[in-house]
2 protein chains.
Amino acid sequence: MLLHGFHRSSASWRVRIALGLKNIEFEQKSYTLRAGDQRQDAYLALNPQGLVPSLELEDGTTLTQSLAILEYLDEIYPDPKLVPSTPLERAEVRSLAQIIACDIHPVQNLKILQSISALTTPEEGPAWAKRVIFEGLAAMEKRLESVAGAYCFGDNLTIADICLIPQLGNAKRFDAMGDWPNINRVAENCDALDAFQKAAPQNQPDAA
Amino acid sequence: MLLHGFHRSSASWRVRIALGLKNIEFEQKSYTLRAGDQRQDAYLALNPQGLVPSLELEDGTTLTQSLAILEYLDEIYPDPKLVPSTPLERAEVRSLAQIIACDIHPVQNLKILQSISALTTPEEGPAWAKRVIFEGLAAMEKRLESVAGAYCFGDNLTIADICLIPQLGNAKRFDAMGDWPNINRVAENCDALDAFQKAAPQNQPDAA
């Protein structure tokens, strides 16, 4: 498999974690986002959105959108399962993942922050990111109060943890961390795992 | 079932379409977003994000995040199936839905537009929405070229169509429609269906 991504891209980071947890071998092709590599014609032919990641399977089929990729990987490589087995549990875990993947990350990614700064001042981009991330994670913490254990949803790893850890990477970058006992406990437990360490941006071949 | 939502909320609209296609009876409780009803304590207890929709099941369990709700409904009420049966097809359909639910709608919803306008000028909010929606749907059209039939993914309705139609509602509102043959064909076919008509904002009890 070939992962088209970038070491600092949160959505690429999610896919790297899942591939690692499932012990799937993969190669990486890097796109420097600030340079606009992801908007070159060759990549647009793979993914017309011009966003990373895309996951190219052995037969050349290309998957896009990180949450869709996570669910695909979980269906084809079910060990370990990262989406629970009952509809109600799945709904809860998907909802936790989507708090991040729909309501926090897209509103604070590099593309949006560049647009905000261009419309206002260079300082407003980071201030915007800090606000969006802090408010989003504070709501996430509230939800975790009733469902978290060692991880976001009880004591088994799920796609919610896979979304949370890269989002916390951004939270640290933009000084948006809070005093959140559940989030912080889950983060500590994830950070101790080999697959999470290997997937971290600083451990990728394209890290500066 | 009780749907906590608002007639103009795209994400509530998605859930209304799915409930209608599956012939599930439901009641609605309306939250006027501009008035901030969704940030009152009683609702925050149900959904700490303070976002609509939430779907309250008969036993009082509350589901949040529209895509998670759509998948839950499809698992419990599989007639008609709105997520295909093979992993690769599911990945494709989820990816199409997520183009809208992760990369277009969250970046142009009311909350974001109010923030943009507050930071810049009142005109900038709608201009931002128009740009985000147009670029996003143009990429969606490119993807549809290879997979669409009567609907977004071949000739069967899926969650991709359920996300597309409310997004087109916003596209029309912000003058962001393009000359997109696939999107326009799919829209025409969806608009002809009873469930889509019943779910439209202007046909809700809380429409002005």
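Chain naming here is simple, since letters A, B, ... match the order of the sequence lines and numbering starts at 1 in each. In this text the structure is predicted, and so the values were computed from the model without any measurement.
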Of the listed residues (A:R143, A:K142, A:H105, A:E75), which shares the most heavy-atom pairs with chain B below a 4.5 Å separation?
A:E75
Most contacts with chain A, counted as non-hydrogen pairs under 4.5 angstrom, among B:G136, B:G50, B:S66, B:C102:
B:C102
Okay, A:Q49 and chain B: the region with an atom under 4.5 Å from a heavy atom over there is both
So which residue, A:L44, A:T120, A:V107, A:T64, ends up with the most heavy-atom pairs under 4.5 Å with chain B?
A:T64
Would you say that more than 12 heavy atoms from the other residues, nucleotides or ligands in this model lie under 6.0 Å from the CG of B:D59, or not?
yes
Shortest non-hydrogen contact from B:A139 toward A:P48:
CB-O, 3.7 Å
Side chain from CB out, backbone as N, CA, C, O: work out which of these in B:I76 comes under 4.5 Å of a heavy atom of chain A, or both, or neither.
side chain
Could you tell me whether A:K29 atom NZ has more than 12 heavy atoms of other residues or ligands within 6.0 Å of it?
no
Sub-4.5 Å side-chain heavy-atom contact between B:L119 and A:L119:
no
Above 12 or not: heavy atoms from other molecules or residues under 6.0 Å from NZ of B:K198?
no
Can you list the residues of residues 87-100 of chain B that sit under 4.5 Å from chain A, counting heavy atoms only?
B:P87, B:L88, B:R90, B:A91, B:R94, B:S95, B:Q98, B:I99
Per-residue tally against chain A (heavy atom, under 4.5 Å) across B:I112, B:T121, B:L63 peaks at B:I112
Heavy-atom proximity to chain A below 4.5 Å, by part of B:S115
both
When rounded to the nearest 0.5 angstrom, what is the spacing between CD1 in A:I116 and CH2 in B:W128?
4.0 Å
What part of B:E124 gets within 4.5 angstrom of chain A, counting heavy atoms only: side chain, backbone, both, or neither?
side chain
Would you sort out whether A:Q65 and B:D103 count as a side-chain contact (heavy atoms from CB on, under 4.5 Å), showing the intermediate values?
CA-CA 10 Å; A:Q65 288 288 342; B:D103 291 325; 2.8 Å; yes
